[in-house]
**Q** 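Next up is a structure, given as structure tokens.
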Amino acid sequence: MYKEWKNTGKLGFGLMRLPKVDEEEKIIDVEQVKKMVDMFIDAGFIYFDTAWNYEGSEEAIRQALVERYPREKYLLATKLAAWMKCETREDAIKEFETSLERTGAGYFDFYLLHNLGEHRTKYFDDFDIWSFVQEKKKEGLIKHVGFSFHSTPEELEEILKAHPEMEFVQLQINYADWDNPAVRSRECYEVARKYDKPIIIMEPVKGGMLANPPESVEKVFKEADPGASCASWAMKYAADLEGVVMVLSGMSSVDQMEDNLSYMKGFTELTDGQKETIAKAAEELAKIPVIPCTKCDYCAKVCPENIGISGSFTAMNMYTVYKDFKFAAFQEGWLVGMHGLKSAKYCIKCGACEEACPQHIDIRNQLEKVDAVFGKKEEQ
């Protein structure tokens, strides 16, 4: 399938963070999106990535792209989230129909089962969405089928073994998460390569945080190339990996589009010197003291209060390194509350977790610190 990506360029326009004319009302600035679409296509790029649950995104791309360009001039990808508000197979299928209606695209070049992993995969199994997308492929409404994934390499391998018909995978990969035990990007990448699946990369700039990394990291990049943005290093790192066919950038302004195009148009492989610079930056990032949690979750197995310990620590580490409270608080909410676990404030300090922890983390003390940061997030 790799030939399908020939001449598409390695930059994909992620439509998750489109510019807004009204942030509070979440109204997308369609006129600015049109300018961004024009710049993107004029530079020779054609891949656009949206999803059923990206609020307003599918409608915006209809106005900015579908209604303004011939259908053969671009590739459009969207996604089906069977685990989100779906109680029946019909509910999940309705997402596909809604996406067709919203975009007006007629068909999807790439269709993804959205965010497989953990409890979410079960919905695709129970509703047999696997056969549904193959039916739509036969009908010509889908050209290629794959999935996006946020979980462990072991689970990724299980899915690829069970569903060899999946043509590509979309993974979270960036230099900060490459060996991050909470993400395990490298291991997931290696599994995808083992099964010879083309890889689309999401979060290459880690939700924008690698565009403004810690000062020690930024210093490494600026010493190597004062004129290059920190985001450019992260994007090029991702694009340089073997087997990667597309790197998605969730752009939200004309300026961001200009920056991406400046270094992704005519992208060439990284030099040995550039690879060394990124390795040094990653080393600086690793020096920042964080909670040494490997997400083994032995603590979770013995916690009488069902506290989301590893999720809390992942969010706390994110806050410690990047100082982005809003993003870290969102992660804490997703990894703890949205997974049916209790927050740090419910710790009864029994100590069972510390006896089970192979990293010998002072979990009770660390949970107190987590609560001090995120316990009042509703007020911030």
**Q** Should the pair Trp233 and Phe221 be assigned to parallel (<30°), tilted (30 to 60°) or perpendicular (>60°) ring geometry?
**A** parallel

**Q** Are Val220 and Tyr175 connected, step by step, through hydrophobic side chains (Ile, Leu, Val, Met, Phe, Trp, Tyr) whose heavy atoms are closer than 4.5 Å?
**A** no

**Q** What is the distance from atom OH of Tyr189 to atom CD of Glu242, rounded to the nearest 0.5 Å?
**A** 5.5 Å

**Q** Nearest 0.5 Å please: distance from the CG atom of Asp324 over to the CE atom of Met318.
**A** 9.0 Å

**Q** Report yes if the side chains of Tyr263 and Ser229 come closer than 4.5 Å at any heavy-atom pair, otherwise no.
**A** yes

**Q** Taking only residues two or more places apart in sequence or in another chain, which ones pass side-chain hydrogen bond (donor to acceptor under 3.5 Å, both in side chains) with Glu139?
**A** Lys136

**Q** Between Glu154 and Arg184, is there a salt bridge with N-O shorter than 4.0 Å?
**A** yes

**Q** Less than 4.0 angstrom from a charged side-chain N to a carboxylate O is my criterion; do Arg186 and Glu190 meet it?
**A** yes

**Q** For the residue pair Asp49 and Ile200, establish whether any side-chain heavy-atom pair is separated by less than 4.5 Å.
**A** no

**Q** Could you check whether the rings of Trp130 and His163 sit parallel, tilted or perpendicular, using 30° and 60° as the cut-offs?
**A** parallel

**Q** At what distance, to the nearest 0.5 angstrom, does CE of Met16 lie from OG of Ser57?
**A** 9.5 Å

**Q** State plainly whether the residues Lys137 and Glu167 are in salt-bridge range, i.e. N to O under 4.0 Å.
**A** yes

**Q** Aromatic contact between Tyr47 and Phe110, with the criterion being ring centroids under 6.0 Å apart: yes or no?
**A** yes

**Q** Between Glu284 and Lys287 (salt bridge meaning N to carboxylate O under 4.0 Å), is one present in this structure?
**A** yes

**Q** How far apart are the C-alpha atoms of Asp362 and Gln366, what are their side-chain angles, what is the distance that settles it, and do they pass the side-chain hydrogen bond (donor to acceptor under 3.5 Å, both in side chains) test?
**A** CA-CA 6 Å; Asp362 55 338; Gln366 294 296 343; 3.3 Å; yes

**Q** Assign the ring pair Phe48 / Phe40 to parallel, tilted or perpendicular, where the plane angle (0 to 90°) is split at 30° and 60°.
**A** perpendicular

**Q** Between Arg17 and Glu203, is there a side-chain N and carboxylate O pair less than 4.0 Å apart?
**A** yes

**Q** When rounded to the nearest 0.5 angstrom, what is the spacing between CE in Met264 and NZ in Lys10?
**A** 7.5 Å

**Q** So, is the end of the Lys342 side chain (NZ or CZ) under 6.0 Å from the ring centre of Tyr346 and within 45° of the ring's axis?
**A** yes

**Q** Assess whether a salt bridge exists between Lys34 and Glu31, defined as any Lys/Arg side-chain N lying under 4.0 Å from an Asp/Glu carboxylate O.
**A** yes

**Q** Step by step, work out the side chain to side chain contact (heavy atoms under 4.5 Å, CB included) result for Asp177 and Gln172.
**A** CA-CA 8 Å; Asp177 288 329; Gln172 177 176 330; 2.8 Å; yes

**Q** Got Trp83 and Phe124 here, is their nearest side-chain heavy-atom distance under 4.5 Å?
**A** yes

**Q** Would you say CZ of Phe327 has more than 12 non-hydrogen atoms from neighbouring residues, nucleotides or ligands within 6.0 angstrom?
**A** yes

**Q** For Phe149, give me all partners under ring pair (Phe, Tyr, Trp, His ring centres under 6.0 Å), at least two apart in sequence or on another chain.
**A** none

**Q** Working to the nearest 0.5 Å, report the span between CZ of Phe108 and CZ of Phe96.
**A** 6.0 Å

**Q** Measuring only between side-chain heavy atoms, which start at C-beta, is Tyr322 closer than 4.5 Å to Pro214?
**A** yes

**Q** Taking salt bridge (charged side-chain N to carboxylate O under 4.0 Å, His left out) as the test, write out the residues that go with Glu97, two or more places apart.
**A** none

**Q** Charged N to carboxylate O under 4.0 angstrom, Asp42 versus Lys265?
**A** no

**Q** Just how far is it from atom OG of Ser343 to atom CD1 of Ile307, taken to the nearest 0.5 Å?
**A** 7.5 Å

